[in-house]
Amino acid sequence: MALHGCGSLCKVSNTVVCTSLLGGTTRLIQSYPIHCNMVSSSSTFGLGSLKLHNKVPFEAGCSLRPCRVKREDKNQTADVESISVDEDTLKVDLETAIQEENYVEAAKIRDILKELQEDSKASVLSANTRFYQAFRNGDLAAMQSLWSKSEKACCVHPGAKGITGYDDVMESWEVVWMNYEFPLQIELKDVETHVRGEVGYVTCMEFVKTKGSSSWGAQFVTNVFERIDGEWFICIHHASPVDI
């Protein structure tokens, strides 16, 4: 699996040595397949390094999958469908009002569309807040509940290639957190929220500080959410390290 600060996607099939950000090493023995050779990096939250060492050669035909989002769940509730239909209908009505030069009606429709957009943005921002609460507390159960349970889910930890698939993404968070003491200190700045139909995304500067460290790791983050059965689930987390 890929880690914050690692450079490839791995699954561990024998002894794994993880160098802690706080010093020392942790040895793990696991039994599932590996997708990479030795990977390492010099930055995890900008604070240190994590390494995986394995003895198994790269499997033939095995490659990292690109990050793509595709909606898997097509069974929408009536309420969610009606919201989407309402938005589409309102957009058509807006165009008609403009073409007919009925600007009073057009202004009313714009106001309704804006309210729908603001409601969706607030819901996406709330989902983003829950994601960082789980991150801050190292709460794996909460993190599992927040992600889209899709093979197209994608997580890019700082300095690493993308991990795809719900199970691999969850596994990566377990390893990232294994040597931390919680809660972490996490601050967000320059938060921007956008929604386009059934997809929303949040961009922000993320600052992370672990216990015992005197410095902060900084990342520029994009979190992408998709609406499934009326709820927003994260489907992409992409964190790029930034020098501060």
Side-chain angles (χ1 to χ4, degrees), residues 1-6 8-9 45 64-77 80-81 83-84 87-88 113 116-137 139-174 176-177 184 186-208 217-242:
M1 66 195 72
L3 310 178
H4 276 268
C6 292
S8 186
L9 170 63
F45 300 140
L64 293 172
R65 291 167 286 173
C67 299
R68 294 181 298 171
V69 177
K70 180 180 179 182
R71 190 177 185 83
E72 298 293 335
D73 190 345
K74 298 180 180 179
N75 297 319
Q76 299 297 305
T77 63
V80 176
E81 286 181 346
I83 290 173
S84 299
E87 289 187 40
D88 292 340
L113 282 170
L116 288 175
Q117 187 77 0
E118 290 302 318
D119 287 345
S120 294
K121 288 173 66 175
S123 297
V124 169
L125 189 58
S126 177
N128 192 70
T129 298
R130 292 193 297 274
F131 168 80
Y132 276 106
Q133 189 67 20
F135 189 171
R136 183 176 290 108
N137 294 325
D139 188 339
L140 185 62
M143 186 65 79
Q144 289 170 337
S145 71
L146 295 170
W147 276 80
S148 171
K149 293 177 176 58
S150 165
E151 288 304 310
K152 301 301 181 181
C154 179
C155 187
V156 184
H157 297 297
K161 293 183 179 180
I163 308 162
T164 54
Y166 174 81
D167 291 337
D168 288 344
V169 169
M170 293 303 102
E171 203 171 329
S172 76
W173 284 107
E174 287 188 81
V176 166
W177 290 340
L184 302 174
I186 299 179
E187 294 184 6
L188 306 181
K189 294 183 179 180
D190 304 326
V191 179
E192 297 285 345
T193 308
H194 309 270
V195 176
R196 297 291 183 274
E198 301 299 288
V199 175
Y201 64 96
V202 176
T203 60
C204 63
M205 280 297 300
E206 170 194 290
F207 299 89
V208 180
Q219 291 75 232
F220 182 81
V221 173
T222 302
N223 289 328
V224 181
F225 299 82
E226 61 177 342
R227 185 160 51 191
I228 302 173
D229 292 339
E231 294 186 47
W232 291 98
F233 294 90
I234 188 167
C235 53
I236 294 176
H237 169 70
H238 189 160
S240 300
V242 176

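All figures in this text were calculated on a predicted structure; none of them were measured in a lab. Scope of the values below: all heavy atoms of this structure, side chains included, with no hydrogens, waters or symmetry mates.
The distance from the CG atom of L125 to the SG atom of C204 is 10.0 Å, given to the nearest 0.5 Å. Considering CD1 of I228 and CD of E198, their distance stands at 9.5 Å, rounded to 0.5 Å. Here the CE atom belonging to M205 is positioned 10.0 Å from the OG atom belonging to S240, to the nearest 0.5 angstrom. Once rounded to the nearest 0.5 Å, the distance linking CG of L146 with SG of C235 reads 12.5 Å. Atom CD1 of I163 and atom CE of M170 lie 9.5 Å apart (nearest 0.5 Å). Interatomic distance, CZ of F225 versus CG of N128, reported as 4.5 Å (0.5 Å rounding).
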Self-check item: Steps toward side-chain contact (heavy atoms from CB on, under 4.5 Å) verdict (S120, R227)
Solution: CA-CA 10 Å; S120 294; R227 185 160 51 191; 3.5 Å; yes

Practice problem: Could you walk me through whether M143 and F131 pass side-chain contact (heavy atoms from CB on, under 4.5 Å), step by step? | Solution: CA-CA 7 Å; M143 186 65 79; F131 168 80; 3.6 Å; yes

Practice problem: Using the side-chain contact (heavy atoms from CB on, under 4.5 Å) rule, take R196 and Q117 through it: C-alpha gap first, then chi angles, then the decisive distance, then the call. | Solution: CA-CA 9 Å; R196 297 291 183 274; Q117 187 77 0; 3.8 Å; yes

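Between F233 and the options S150, S148, S145, a side chain to side chain contact (heavy atoms under 4.5 Å, CB included) holds for only S148.
Checking side-chain atoms of E206 against main-chain N and O of I186 turns up no donor-acceptor pair under 3.5 Å. Counting only distance, with no hydrogens or angles, the side chain of Y166 and the backbone of Q144 share a donor-acceptor pair below 3.5 Å. The closest donor-acceptor contact from the side chain of N137 to the backbone of Q133 lies under 3.5 Å.
Across every non-hydrogen atom of A239 and V221, the tightest pair is CB-CG2, 3.9 Å. Minimum interatomic distance between T203 and F220 (heavy atoms only, all atoms of both residues): CB-CZ, 3.9 Å.
Residues W173 and C155 form a side-chain contact, since some pair of their non-hydrogen atoms from C-beta on lies under 4.5 Å apart. Contact of the T222 side chain with the I236 side chain is not registered, since no non-hydrogen atoms from C-beta on lie closer than 4.5 Å.
Between H237 and Y132, the ring planes lie perpendicular to each other; the angle is over 60°, past the 30° to 60° tilted range.
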